[in-house]
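Only heavy atoms go into these numbers, but all of them, side chains included; no hydrogens, no water, no symmetry mates. Bear in mind the structure is a predicted one, so any value in this text is a computation, not a measurement.
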Amino acid sequence: MPDEMETIRGTVENIVYQNELNGYSVIEISSEGELVTAVGSLAELKAGEEVVLHGTYTTHASFGVQFKTEAYEVNMPETVSAVRKYLASGALPYIGKAMASKIVDKFGENTLEIIATRPEKLAEIKGITLDKAHNIQTEFKRLFGVREAINYLANYDLPATTAVAMFRVYGPDTVTVVNENPYALCGEPAHVQFEKADAIAAELSLEHDSRVRVRAGILYVLRHNLQNGHSCLPRAAMINTVADFIRVEPQFIESEIDPMTQDNDLRIAYFNEKEYIFLPEYYRAEQNIAAHIRFLLKMPQGDVKHADKLITMLETTQGIKYAPLQRQAIMSALQNYALVLTGGPGTGKTTTVNGMLAAFEQNGDRVALTAPTGRAAKRLSELTARKATTIHRLLETTHMSENGAASFVHNEKNKLKCDVVVIDEMSMVDTLLFDSLLAALKPACKIIMVGDEDQLPSVGAGNILGSMMTSGLVPTVRLTEIFRQAAESRIVSNAHRIVSGEEVDISNEPDSDFFLLERDDQARCVDLVCDLVSRRLPASYGFDARDDIQVLTPTKIGPLGTVSLNEALQQRLNPPADDKPQINLRDRILRLGDKVMQKKNNYDIPFTRPNGGEDGAGAFNGDIGVIVEVDKKAGSVTVLCEDRLILYTPDFVRQLEPAYAVTIHKSQGSEYPAIVMPLLDVPPKLCYRNLLYTGVTRARKLCVLCGHAREAMQMVYNVKRNKRFSCLANFLRDSKL
């Protein structure tokens, strides 16, 4: 649900700050008797002007309440004398004092209506050509067109946020664009549902099989399938899917593919006598990734003798003896410029990575450690005793759009200053993010990709780790030996049984760290989960119910989904009380003491460090913390997340949700002392092996499954992964790149 767009009207009283390079401004306006601080791209406004601002109220950590302006208009002058004064001010091109008088004398109170809708009549005045008249109209609409766009789209029950987003892209042509092609609403920047655009098109009497509708259907299906992990679709499958979706014959789809390719709305790749249809940005990203990796593979290998001596020296100084595969991995990292290191739990990935880091540092290399999520980066930092950051933080995000596309400080023109980059949890890295990372690296920067091939793939489109490995070109070391101490853990042994398709060991011995407790209906399973978290596990193992135990579930919906389980666990672990203020949102409650999760990356939200350290901004998708303060009057909450106190004002508070239970997908990159996982009536599309494997491997000390053993085994036996369409492996093998 987007933040509610608000409109304020007033007079510009003071220009507090203006950045001449990007137009960012801080102004004060008098509105309804109050002085309001507004921020945004407001460089053209001047003191004394009457303005209409569209945006949302936010709370800055240092400067307090501000109105974050998304779009603005200079208020429409209402009297003839006001119109004359406005035009004489030079606000519109080609019109000075003398010309303003001529225009107002001729058109009187209809002057602004003439400029807005019939600019050709301006050409009746000497000194104004038809071209000048249209330029005057364009600038006028730019200044006053937001209101027109808001009012127009409101007729179709679309919110002001949609109108403002469209206006920022299409400017004064917004209404014309939507009139001619309502399906423009489906893509950037508005992302309106196709069915809504269809309804608008029907009101505008657009043909069911019109070219704009067919083209929009193709783009919509490709964009929708990005959410399913597909960076492209086979031509035949795409045609059939679109035909079914928009209910037209396949030949209408077929006839538009080549023209759309010529217009650069689509790109096509040919491999193994098949055609794959891409959105242009994903085609470019996969080609860029492949070209970069192929360049690294052509770099000369390092000296074997030097590498061997260096590893032996590390073993001596650190008092360690690397296993053969670990030694091979460190050797390969020293010799090659691109490497994949993979392996399951207990196989020594951490020891191997630490060996690589010590070797690189001994060589004087500058190493950057990174991971796709905040929790994964924190864990990497703890395991290596070195600084690690998220990829977004490493690249320094400057802007994040609503659909998640980011702009970065470090890019092809501003490279990172590192000689080696080590990326952990590589299975979670998607195509566009990896492309951005590679663009910011020096050509000869080494890339070490660390991950578990059996875990779930990235939330975003693509399958980078899988493509690197299946290409057969990128040097890969697969750690397979389970070390003795790890082998004593049933969590570890069962994880490997799951991967191998073997029966899970559920002997439930008292000293085990892995249990399966049978329940045969959902209500009894919910009761068991709640009892384990709130009473049994804290009593038996000393775990803290909130901080140490995490419920992981395959799904969001149903009695055993995150929504219902969070309600039940919140009632059990943190029930309402007079001394626990809470905020009631439409679909959830946030209460003092609640365990909560950040739902999306937010690089603007401010935080402080109560125990010292640099304050800053940013909360990341998957961050978990505890609500330590609730301000009911202000509608805000403060969350303690590790060492950060994050203030969630009303404009950000909807980005939080209870986190007593989270989906297995959301748990990627994290570890917890104990997990409880309900496995009963799992939706068929979620009943597969690597989902179970990912959940089990999140547990560090204890894993408890609740439900049916046969359901767990159904997941083990279902080796069918959700197939992802990508051409990256083929591009990697393409010698022409």
Side-chain angles (χ1 to χ4, degrees), residues 21-22 188 226 231 281-282 284-293 295-296 337-339 353 357 360 365-381 384 386-451 458-462 464-465 468 598 600-607 614-623 644 668-669 728:
L21 294 177
N22 60 21
E188 284 279 4
L226 295 174
S231 55
E281 62 268 32
Y282 282 86
R284 287 193 297 270
E286 289 202 349
Q287 282 213 324
N288 290 344
I289 292 168
H292 192 113
I293 297 298
F295 173 81
L296 293 178
Y337 281 78
L339 174 70
V353 169
L357 296 177
F360 289 137
D365 293 323
R366 295 168 297 178
V367 182
L369 286 175
T370 189
T373 68
R375 292 182 70 83
K378 180 176 182 290
R379 182 165 163 265
L380 178 61
S381 183
T384 61
R386 295 167 174 87
K387 181 183 177 183
T389 66
T390 65
I391 298 174
H392 285 91
R393 276 290 183 204
L394 180 68
L395 298 177
E396 297 183 46
T397 307
T398 59
H399 172 71
M400 181 71 74
S401 71
E402 284 300 313
N403 73 331
S407 299
F408 299 106
V409 169
H410 293 288
N411 50 40
E412 62 277 359
K413 296 179 181 178
N414 182 24
K415 303 287 189 180
L416 289 162
K417 293 179 174 63
C418 58
D419 306 302
V420 182
V421 62
V422 177
I423 313 159
D424 198 17
E425 297 290 351
M426 190 65 200
S427 63
M428 299 173 64
V429 180
D430 64 68
T431 299
L432 294 187
L433 183 58
F434 194 52
D435 180 37
S436 296
L437 175 60
L438 295 186
L441 299 179
K442 297 185 300 182
C445 178
K446 289 190 174 188
I447 302 171
I448 310 298
M449 296 167 276
V450 183
S458 59
V459 174
I464 303 297
L465 182 63
M468 294 290 165
Q598 171 76 14
K600 59 186 286 189
N601 287 338
N602 183 329
Y603 291 85
D604 299 321
I605 192 165
F607 65 76
E614 188 177 350
D615 296 343
F620 307 99
N621 185 9
D623 278 357
R644 296 171 294 152
Q668 282 182 273
L728 179 56

To the nearest 0.5 angstrom, please state how far the CE atom of Met428 sits from the CG atom of Leu465.
12.5 Å
Of all the heavy-atom pairs spanning Asp615 and Phe607, show the shortest one and how long it is.
CB-O, 3.5 Å
Using modelled atom types only, decide if a donor and an acceptor are shared between the side chain of Asp365 and the backbone of Asp419 within a distance under 3.5 Å.
no
Asn288 side chain near Leu438 side chain, heavy-atom distance below 4.5 Å
no
Indicate yes or no: at least one non-hydrogen side-chain atom of Cys418 is less than 4.5 angstrom from one of Leu441.
yes
What's the spacing between Glu396 CD and Leu394 CG if we round to 0.5 Å?
8.0 Å
Search all heavy atoms of Ile293 against all heavy atoms of Met468 and return the closest pair with its distance.
CG1-CE, 3.7 Å
Taking Ser381 for the side chain and Ala377 for the main chain, is one N or O donor matched with an acceptor at less than 3.5 Å?
no
More than 12 heavy atoms of other residues, nucleotides or ligands under 6.0 Å from NZ of Lys387: is that the case?
no
Please check: side-chain N/O of Thr390 versus main-chain N/O of Thr373, any donor-acceptor pairing under 3.5 Å?
no
Between Ile447 and Ile423, does a side-chain contact (heavy atoms from CB on, under 4.5 Å) hold up when you go through it step by step?
CA-CA 8 Å; Ile447 302 171; Ile423 313 159; 4.0 Å; yes
Does the pair Leu380 and Thr370 meet the rule for a side-chain contact (heavy atoms from CB on, under 4.5 Å), with working shown?
CA-CA 8 Å; Leu380 178 61; Thr370 189; 5.9 Å; no
Atom of Tyr282, atom of Ala461 and distance for their closest heavy-atom approach
CE2-CB, 3.8 Å
Nearest 0.5 Å, please: how far is CD in Gln598 from CD1 in Ile605?
6.0 Å
Only one of Lys378, Arg644, Arg375 passes side-chain hydrogen bond (donor to acceptor under 3.5 Å, both in side chains) with Asp623; say which it is.
Arg644
If you compare all heavy atoms of Lys415 against all heavy atoms of Glu412, which two are closest, and at what distance to 0.1 Å?
CE-O, 3.4 Å
With sequence neighbours excluded, tell me which residues meet side-chain hydrogen bond (donor to acceptor under 3.5 Å, both in side chains) with Arg379.
Glu425, Glu671
Would you indicate whether the side-chain heavy atoms of Asp435 and His292 approach each other to under 4.5 Å?
no
When rounded to the nearest 0.5 angstrom, what is the spacing between CG in Leu728 and OG1 in Thr431?
7.0 Å
Taking all non-hydrogen atoms of both residues, which atom of Arg393 and which atom of Thr389 are closest, and how far apart?
CB-CB, 4.0 Å
Atom CG in Leu369, atom CG in Asp424: separation rounded to 0.5 Å?
9.0 Å
How long is the gap from SG on Cys445 to CZ on Arg366, to the nearest 0.5 Å?
9.0 Å
Determine the minimum heavy-atom distance between Gly462 and Ser458, stating which atoms define it.
O-OG, 3.4 Å
